[in-house]
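Here's the structure, in structure tokens; my notes come after.
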Amino acid sequence: MKQGTIIKVVGPLVVASGMSDAKMYEVVKVSDLKLLGEIIELKGDTASIQVYEDTAGIGPGEPVFQTGNVLSIELGPGLLETMYDGIQRPLKVIEEKSGSIFITRGIEVPGLDRERKWDFRPTVKVGESVIGGDIIGTVQETTLIEHKVMVPADISGKIKAINAGSKTVTEIVAIVDTPEGEKEVMMMQRWPIRVPRPIIGKRIPSEPLLTGGRSIDTFFPLVKGAAACIPGPFGSGKTVTQQGVAKYCDAQVIVYVGCGERGNEMTEVLQDFPKLKDPNTGEPLMKRTVMIANTSNMPVAAREASVYVGITIGEYYRDMGYHVAMMADSTSRWAEAMREISGRLEEMPGEEGYPAYLGSRTAQFYERAGSVDCLGSSERTGSLTVIGAVSPAGGDLSEPVSQNTLRVTKAFWGLDSKLSYKRHFPAINWLTSYSLYIDNLIDWWKENVAEDFPEQRSDAMNLLQEEAKLEEIVRLVGLEALSDREKLIMFVSKMIREDFLYQNAFDPEDAYMTSKQSYNILKSIMLVWYRGIEKIEGNAEFDYQSLKKLDIYEAISRCKSIKVDELEKFTELHLKIEQAISHL
Ligand code: ADP
């Protein structure tokens with residue numbers, strides 16, 4: 001093995017000489033402890049190395065071993081249900097080896113279990129032609145997910161042999177005759193984490209990623225393949241929201257990357273997540289989840305790697321034709337890692353000390369989200385949705401990480417601590433949040449929910465915006481100064497907030513709503529607006545108070561509990577509202 005010599009150690013950065021034939025991004029093993037590192041700068045024969053493990057006690061004169069490889073991860077059956085650290089070491093195996101997940105230096109453990117056997121069921125026959133990305137067989141990875149074994153991207157040819165049965169991830173399952181000779185295919189592939197996995201092309205997303213949240217699915221929706229940003233000041237409900245999305249969203253596979261700042265933050269997630277149940281099957285959510293957790297004792301550099309490990313795993317399941325949702329919490333920690341390393345490299349700092357390439361790195365990362373035509377000869381689509389949390393200090397979104405994230409994501413759920421103090425949950429501020437996916441979804445809504453859904457949705461949003469303006473006037477001169485039209489706006493908006501937007505994540509009946517339920521609840525409220533404003537504008541003598549005295553509001557506030565298979569109850573309620581107002 002080629003080796004260089006350490007000349008300097010500054011925190012997670014190690015500088016070594018004698019590295020003239022090393023390559024950028026090559027993986028190296030630092031010192032006799034074999035700490036994992038990656039070359040991030042080369043000048044002559046001197047390499048700057050970002051080290052993913054604690055460098056305490058390492059000093060000049062010690063060796064650096066080159067590996068010739070770039071930082072890659074292992075992809076294959078066994079990813080689901082596993083909790084990894086930032087460099088794809090299974091936490092459980094580390095714990096067994098070292099007695100604690102907190103003492104991890106130099107431990108080499110493979111990402112995928114080498115002993116475990118999987119029942120490989122071929123889907124191709126000898127003689128068939130295959131190209132990179134084609135599925136050659138399946139494995140029941142968990143009770144919830146069937147793993148599709150794909151031909152690696154760089155192999156194409158004719159199947160010469162295919163081996164069904166019980167196999168480990170490194171046993172040969174197929175031999176492909178290629179123009180360059182015979183190639184052996186095993187279930188495990190490797191992929192460099194900084195390189196997006198190849199696809200045929202991106203599609204224009206046209207299907208929602210439904211989360212069951214009324215506020216999100218109606219006002220700030222995601223598509224399958226979206227890139228979204230969720231800033232989460234402490235206590236605003238970031239974790240509850242993310243876990244709710246992970247649990248209820250209609251993606252098949254979930255990748256959760258946690259870069260906690262304080263140790264206990266991550267420990268909580270590690271303890272809580274495995275307890276979550278998949279609502280459709282009652283099985284543990286982990287059966288369709290891969291978790292990557294940076295325990296806080298790991299150096300910042302590992303946080304930098306962890307988001308790429310997560311997104312590469314996400315792409316891998318997308319390539320099988322699944323809808324994947326990845327949550328990264330929080331990407332601010334990732335950006336801080338970049339800042340720290342850049343500082344140590346003595347690069348020219350940009351805004352607030354972040355490197356000048358923060359914007360391009362952020363963009364490249366979110367670019368990997370999307371709805372795609374998967375690689376391979378048969379038509380197959382998949383999607384990868386990325387929801388990145390940011391945690392701006394003091395909730396100030398003008399800082400560089402938030403700004404750069406907002407530039408490249410198309411949906412924004414602004415969690416607001418003012419709302420969470422008032423116990424309005426989810427604390428998604430309806431005035432600052434947005435989704436740029438509305439146009440993608442209009443057709444879907446009209447076809448699958450109701451023809452007038454898009455219109456009702458934007459009318460309701462307008463009312464909330466008008467309410468915010470009127471609140472100012474009410475504060476100054478009181479409610480009585482408002483016209484009847486304005487009073488009705490205030491009245492209906494209050495219902496939208498309290499009976500529609502407010503959703504209790506801890507009430508199993510309320511936590512998840514189908515789009516049809518959400519539409520019908522909102523319709524009950526909006527009928528009061530539509531019919532009420534007709535009365536007010538059609539008759540100068542109309543007594544506004546008589547509208548408020550109707551006995552329909554109790555039923556409106558309770559209609560959340562109407563089940564998805566009792567939609568006719570909504571029709572009855574809507575008729576009752578129409579009739580009550582028309583008789584005034
Ligand atoms: P953060 O992760 O932003 O610090 P959490 O997600 O832990 O905040 O939320 C803080 C608290 O707010 C929770 O413990 C819970 O009591 C409450 N909360 C947040 N979201 C909801 C919700 N959708 N429904 C009910 N309570 C909520």
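Whatever order the structure lists them in is the order used to number ligands and atoms, beginning at 1.
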Holding to side chain to side chain contact (heavy atoms under 4.5 Å, CB included), I want the full list of residues that pass it with Tyr421, two or more places apart in sequence or in another chain.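 Expected list: Ser417.
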
Next on the checklist: Show the nearest heavy-atom pair for residues Phe506 and Val240, with the distance to one decimal.
Outcome noted: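 For Phe506 versus Val240, the nearest heavy atoms are CZ-CG2, 4.0 Å.
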
Pair up each side-chain donor or acceptor in residues 392-406 with any protein partner under 3.5 Å, not counting sequence neighbours, and list the distances.
{"from": "Asp396", "atom 1": "OD1", "to": "Ser398", "atom 2": "N", "distance (Å)": "3.0"}
{"from": "Asp396", "atom 1": "OD1", "to": "Ser398", "atom 2": "OG", "distance (Å)": "2.8"}
{"from": "Asp396", "atom 1": "OD2", "to": "Ser398", "atom 2": "OG", "distance (Å)": "3.1"}
{"from": "Glu399", "atom 1": "OE1", "to": "Val401", "atom 2": "N", "distance (Å)": "3.2"}
{"from": "Glu399", "atom 1": "OE2", "to": "Ser402", "atom 2": "N", "distance (Å)": "2.7"}
{"from": "Glu399", "atom 1": "OE2", "to": "Ser402", "atom 2": "OG", "distance (Å)": "2.4"}
{"from": "Gln403", "atom 1": "NE2", "to": "Leu397", "atom 2": "O", "distance (Å)": "2.8"}
{"from": "Asn404", "atom 1": "OD1", "to": "Arg407", "atom 2": "NH1", "distance (Å)": "3.0"}
{"from": "Asn404", "atom 1": "ND2", "to": "Pro400", "atom 2": "O", "distance (Å)": "2.9"}
{"from": "Thr405", "atom 1": "OG1", "to": "Val401", "atom 2": "O", "distance (Å)": "2.6"}

Decide yes or no for Leu91 and Tyr84: does some side-chain heavy atom of the first lie under 4.5 Å from some side-chain heavy atom of the second?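 No; the side chains remain at least 4.5 Å from each other.
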
Who are the residue neighbours of ligand 1 when the rule is a heavy atom under 4.0 Å from any of its atoms?
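Within the 4.0 Å shell of ligand 1, which is judged on heavy atoms, sit Pro233, Phe234, Gly235, Ser236, Gly237, Lys238, Thr239, Val240, Arg423, Phe425, Gln503, Asn504, Ala505, Phe506.
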
Can you run down the salt bridge (charged side-chain N to carboxylate O under 4.0 Å, His left out) pairs that involve residues 246-258, sequence neighbours left out, and say none if there aren't any?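 Residue pairs passing salt bridge (charged side-chain N to carboxylate O under 4.0 Å, His left out), neighbours aside: Lys224-Asp250.
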
Can you tell whether the side chains of Glu96 and Lys92 come within less than 4.0 Å, N to carboxylate O?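 No, no charged N to carboxylate O under 4.0 Å.
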
